[in-house]
Asker: 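My structure is below; once you've seen it, I'll send some questions.
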There are 2 protein chains.
Amino acid sequence: MSTERDHRTPSPTISEVAAAAGVGRATVARTLGGYGSVSPKTRDRILAVAKELGYRPNTIARSMTTGETRTLGVVLADVGNPFFAGVLRGISDAARKADYDVLVLSTDEDLQLEAAAIEVLVDKQVDGIALAPAAGRSAQLPHLDIVHKREIPLVLLDRLVDTVDADAVVINNREASRQAVTSLIEQGHRRIAFVWGPVTTEPAADADDLRRIIDHALWSDGERLLGYLDALELAGIPFDTSLVTHVLKNEPQATRAVLGMLSLSDPPTAIFATETDALTGSLRALRQRGLRCPEDVSLIGFDDSSWASVMTPPMSVVAQPMHQLGELTAECLLARVAGSDAPVATHVLEADFVERASVAPPPTRA
Amino acid sequence: MSTERDHRTPSPTISEVAAAAGVGRATVARTLGGYGSVSPKTRDRILAVAKELGYRPNTIARSMTTGETRTLGVVLADVGNPFFAGVLRGISDAARKADYDVLVLSTDEDLQLEAAAIEVLVDKQVDGIALAPAAGRSAQLPHLDIVHKREIPLVLLDRLVDTVDADAVVINNREASRQAVTSLIEQGHRRIAFVWGPVTTEPAADADDLRRIIDHALWSDGERLLGYLDALELAGIPFDTSLVTHVLKNEPQATRAVLGMLSLSDPPTAIFATETDALTGSLRALRQRGLRCPEDVSLIGFDDSSWASVMTPPMSVVAQPMHQLGELTAECLLARVAGSDAPVATHVLEADFVERASVAPPPTRA
DNA sequence: GTGAAAGCGCTAACAG
DNA sequence: CTGTTAGCGCTTTCAC
């Protein structure tokens, strides 16, 4: 209980420690900052005095002169989404190990918000930025110019952008997707729906048209679709544009789209859902139609969760290594922050296809 | 392409803008900092010059003099957990609206890590801290002393601690829990399991012993248990200590504990699972025993998710308003940061009991 | 090995 | 309304 009415009891500064220890500021700075060399004797005394006074370094003042903030910026679609939450956790863990902290911003897949987020991080002078871009693979990202100009280390997270020359850490979506769809084909499916294809106003005319559209979709989404196309092609199954959705990515839309497909004269016997809400939306559609999984329609989802394995039936899913994705991203970024001048590289992580009981052979046609 | 080999192209400073505009630094500072008053004419010129030069304020230098960082610190158990991820999203949204950013740290319910996290945030001079403490309601939190001393606004998130005199935003866990258990009782259940009770080495001897243990449990966990006890008491159902788990909070442990209860001579006919993994763990136990939900055992979970409603059967759950919890916490914190001296208050949010199909009357005894 | 002094870019108090 | 000036707490030459 001090009798003063100071707004904040100020933390002692280096000068005060110096005065109390009877040495110069610089010596204290060297001791407390852990650089330069100080004689063990005075070092110990300074440390003792500092501890007694409860000295805490003023990181802001330090940042001002060093230019380092020991803070990483993370820009992703939505921290509330389990996938990104898992990734963020991985980033945080790796950052903490290196004594860095993390500033997070969500974009909701909006490029304006992404630009604003980048600006904030640049202004706050984070030492590095991990970005899951909201832009398609062939997009131009002018808001990253300043990041380059300021030479702030940047690593792309989960999504590649061709025009950005930076390290990246991604999942092998194409291969994971091909594998999942192939497993469906091996069970005898030939009518396989793909939920969530790229958002467009009208369905793709054909596979080539679709490939053109993919250029403007998120890299990860595009790759998943390419993997689907790969699997079909390998099996010699013709691509049917009516089996790929082009709706907005929310659960009700997925349900609606699947309901539409189920009404086709030649409906799908299997559904590949490339996101959790695409899967739950599809399940809802099946239920509405009174269709059972896997007897009537087989299902494969994306992203594992404790729920997936306790469903009836347990859901087969492509499990992305979220935590590892985050960790590797942070490690990669921290290496750059530490000054690594290794050539720019893209690290590709494999996803794990978890086979459970939501896939069965298609029902024999009546 | 500059021919210089400067490590970083430095951003222009206020002095440079002043020189270029032919005015004094202070005038520029006033204009760009948005304080004091400047004649419209010079103001416009300065703005033009600043824009042309690509001036960006150095927030670190600014923080050094103002003491403000426009950053909020958030300390929670695990950003990767869907509940906290949702809460964090709410905090971020509210923070952004007020032009603040968020630094997040996970504690994994470890008080050491919590103390370290607080220290980091204090050192980084965040303007306020939102904390979901890893300590029981009656715990002593010495690592918060420095927060008080520095007069850093603090708000408790999701969990109360009696010894901490700070604003808090929590869910009415007790009432939500009471309501859920009561709905089970109304269906005729009298043997209701409670998964996850507090972690202890040996089960509680009786209800009073349990109440004593609750003091050391997380506030939210304790309240859920009290709500359970309330419901039993109201219905005149004797408390059976063997129906409350005391295991570590992970899914396999939940499964094991439920399996044990199911082997009781008078096994539970309903399970109240107070966390998602407690629910999935319970479901796994039922499946292993070949028991069906809700015919054999009724189930109520905690925290809603897109999965819960597409389960077979759809799961009844207590849905916590995660996003709102986060938003309100941030708003509360920001009000303090802005200097509010309203009396310390605890805001209680109601949870929503979502009744679906996982509850049915107990099977008639053979 | 140590101390003195300059300066990071900004805000704020004070004159003019 | 505007310019001058003095720091904020630290790191970092540079002498000693």
Side-chain angles (χ1 to χ4, degrees), chain A residues 6-47 49-50 53-71 122-127 150, chain B residues 6-47 49-50 53-71 122-127 150:
Chain A
D6 279 357
H7 188 54
R8 292 197 176 188
T9 309
S11 188
T13 72
I14 268 191
S15 301
E16 301 178 58
V17 175
V23 294
R25 301 194 234 289
T27 309
V28 176
R30 277 188 278 263
T31 307
L32 268 16
Y35 55 92
S37 56
V38 181
S39 82
K41 251 180 55 181
T42 52
R43 206 189 74 95
D44 287 349
R45 182 154 40 98
I46 290 171
L47 251 24
V49 172
L53 259 47
Y55 173 81
R56 297 265 69 206
N58 181 325
T59 59
I60 296 191
R62 177 175 292 174
S63 291
M64 175 136 87
T65 56
T66 61
E68 284 186 11
T69 52
R70 297 203 82 83
T71 302
V122 170
D123 283 354
K124 288 235 159 134
Q125 281 161 265
V126 295
D127 295 334
R150 297 270 190 101
Chain B
D6 279 357
H7 187 55
R8 292 198 173 185
T9 309
S11 187
T13 72
I14 269 191
S15 300
E16 301 177 57
V17 175
V23 295
R25 304 193 233 288
T27 310
V28 177
R30 277 189 278 264
T31 307
L32 269 16
Y35 57 94
S37 55
V38 181
S39 83
K41 249 179 59 181
T42 52
R43 206 189 73 95
D44 288 349
R45 183 153 41 97
I46 289 169
L47 249 26
V49 172
L53 260 46
Y55 172 81
R56 296 265 69 204
N58 181 325
T59 58
I60 296 191
R62 178 175 292 174
S63 291
M64 176 135 88
T65 56
T66 61
E68 283 186 11
T69 51
R70 295 204 84 81
T71 302
V122 170
D123 283 355
K124 287 236 159 131
Q125 280 162 270
V126 295
D127 295 334
R150 298 269 191 103

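What's counted below: heavy atoms across the whole structure, side chains too, no hydrogens, waters or symmetry copies. Naming convention: chains lettered A, B, ... in sequence-line order (proteins, then strands); numbering from 1 in each chain.
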Asker: Measuring from the side chain of B:Arg62 (C-beta onward, heavy atoms only), which nucleotide among D:dT12, C:dT11, D:dC10 has the closest atom?
Answerer: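 Selected nucleotide (nearest to the side chain): C:dT11.
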Asker: The side chain of B:Ala61 is closest to which nucleotide in this list: C:dG3, D:dG3, C:dC10?
Answerer: C:dC10
Asker: Which angle, rounded to 10°, do you find between the first-five-pair axis and the last-five-pair axis of the helix from C:dG1-D:dC16 to C:dG16-D:dC1?
Answerer: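 Computed from the C1' atoms at both ends, the axes differ by 40°.
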Asker: Using atom CD1 of B:Ile60 as one end and atom C1' of C:dT11 as the other, report the distance to the nearest whole Å.
Answerer: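 For the pair B:Ile60 CD1 and C:dT11 C1', the rounded distance is 16 Å.
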Asker: Atom CG in A:Leu47, atom CG in A:Leu32: separation rounded to 0.5 Å?
Answerer: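 A:Leu47 atom CG to A:Leu32 atom CG measures 6.5 Å (nearest 0.5 Å).
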Asker: Enter the distance from A:Ile14:CD1 to A:Arg62:CZ here, rounded to the nearest 0.5 Å.
Answerer: 7.5 Å
Asker: Looking at A:Thr13, I'd like to know whether one of its side-chain N or O atoms comes within less than 4.0 Å of OP1 or OP2 on D:dC8.
Answerer: no
Asker: Mapping B:Val23 and A:Ser15 onto DNA chain D by nearest heavy atom, which one lands closer to the 5' end?
Answerer: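 Whichever sits nearer the 5' end wins; that is B:Val23.
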Asker: For A:Pro57 and B:Val28, take the nucleotide of DNA chain D holding the closest heavy atom to each; which residue's nucleotide lies nearer the 5' end?
Answerer: B:Val28
Asker: Rounded to whole angstrom units, what separation is found between the CZ atom of B:Arg70 and the P atom of C:dC10?
Answerer: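 So the two atoms are 17 Å apart, to the nearest Å.
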Asker: Locate the shortest heavy-atom distance separating B:Asp127 from B:Glu68; write the atom from each residue and the value.
Answerer: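 Looking at all heavy atoms of both residues, the closest pair is OD1-CA, 3.5 Å.
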Asker: Can you tell me how far C1' of C:dG3 sits from CD1 of A:Ile46, to the nearest Å?
Answerer: 12 Å
Asker: Could you tell me how far apart B:Arg45 (CZ) and D:dC1 (C1') are, to the nearest whole angstrom?
Answerer: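 Nearest whole value for this atom pair: 13 Å.
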Asker: Atom CG of B:Asn58 and atom OG of A:Ser63: how far apart are they, to the nearest 0.5 Å?
Answerer: 10.0 Å
Asker: Go through C:dG3, C:dC10, D:dC10 for me and flag the one nearest to the A:Thr65 side chain.
Answerer: D:dC10
Asker: Output the rounded distance in Å from CZ (A:Arg25) to P (D:dT13).
Answerer: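 Taking CZ of A:Arg25 and P of D:dT13, I get 18 Å after rounding.
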Asker: Among the candidates D:dC1, C:dC10, D:dG9, find the nucleotide nearest to the side-chain atoms of B:Met64.
Answerer: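 Out of D:dC1, C:dC10, D:dG9, the nucleotide with an atom closest to B:Met64's side chain is D:dG9.
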Asker: Pick the nucleotide of DNA chain C nearest each of A:Pro40 and B:Ala29; which residue has the one closer to the 5' end?
Answerer: A:Pro40
Asker: Rounded to whole Å, how long is the line connecting atom CZ of A:Arg56 with atom P of D:dC8?
Answerer: 21 Å
Asker: If you check the A:Asn58 side chain, which of C:dG9, D:dC10, C:dT2 turns out closest?
Answerer: D:dC10
Asker: Counting only side-chain heavy atoms from C-beta out, which of D:dG3, D:dC10, C:dG3 sits nearest to A:Tyr55?
Answerer: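 Side chain of A:Tyr55 sits closest to D:dC10.
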Asker: Nearest-Å distance, CZ (B:Arg30) to P (D:dC1)?
Answerer: 10 Å
Asker: Indicate yes or no for a side-chain donor-acceptor contact from B:Lys124 to the backbone of A:Arg70 under 3.5 Å, with no hydrogens or angles considered.
Answerer: yes
Asker: Go through D:dT12, C:dT2, D:dG3 for me and flag the one nearest to the B:Thr27 side chain.
Answerer: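 Nearest to the side-chain atoms of B:Thr27, counting from C-beta on, is D:dG3.
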Asker: Would you say A:Val122 and A:Arg150 make side-chain contact, with heavy atoms under 4.5 Å?
Answerer: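 The answer is yes, as the side chains (C-beta and beyond) meet within the 4.5 Å cut-off.
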Asker: Do any N or O atoms from the side chain of B:Arg45 and from the backbone of B:Ala21 form a donor-acceptor pair under 3.5 angstrom?
Answerer: yes
Asker: From the list D:dG3, D:dT5, D:dT11, which nucleotide is the closest neighbour of the side chain of A:Ile14?
Answerer: D:dT11
Asker: Counting any heavy atom closer than 4.0 Å, what does B:Thr42 reach on the DNA or RNA strands: base, sugar-phosphate only, or nothing?
Answerer: sugar-phosphate
Asker: When rounded to the nearest 0.5 angstrom, what is the spacing between CD1 in A:Ile60 and OG1 in A:Thr65?
Answerer: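 Between A:Ile60 CD1 and A:Thr65 OG1, I get 12.5 Å after rounding to 0.5 Å.
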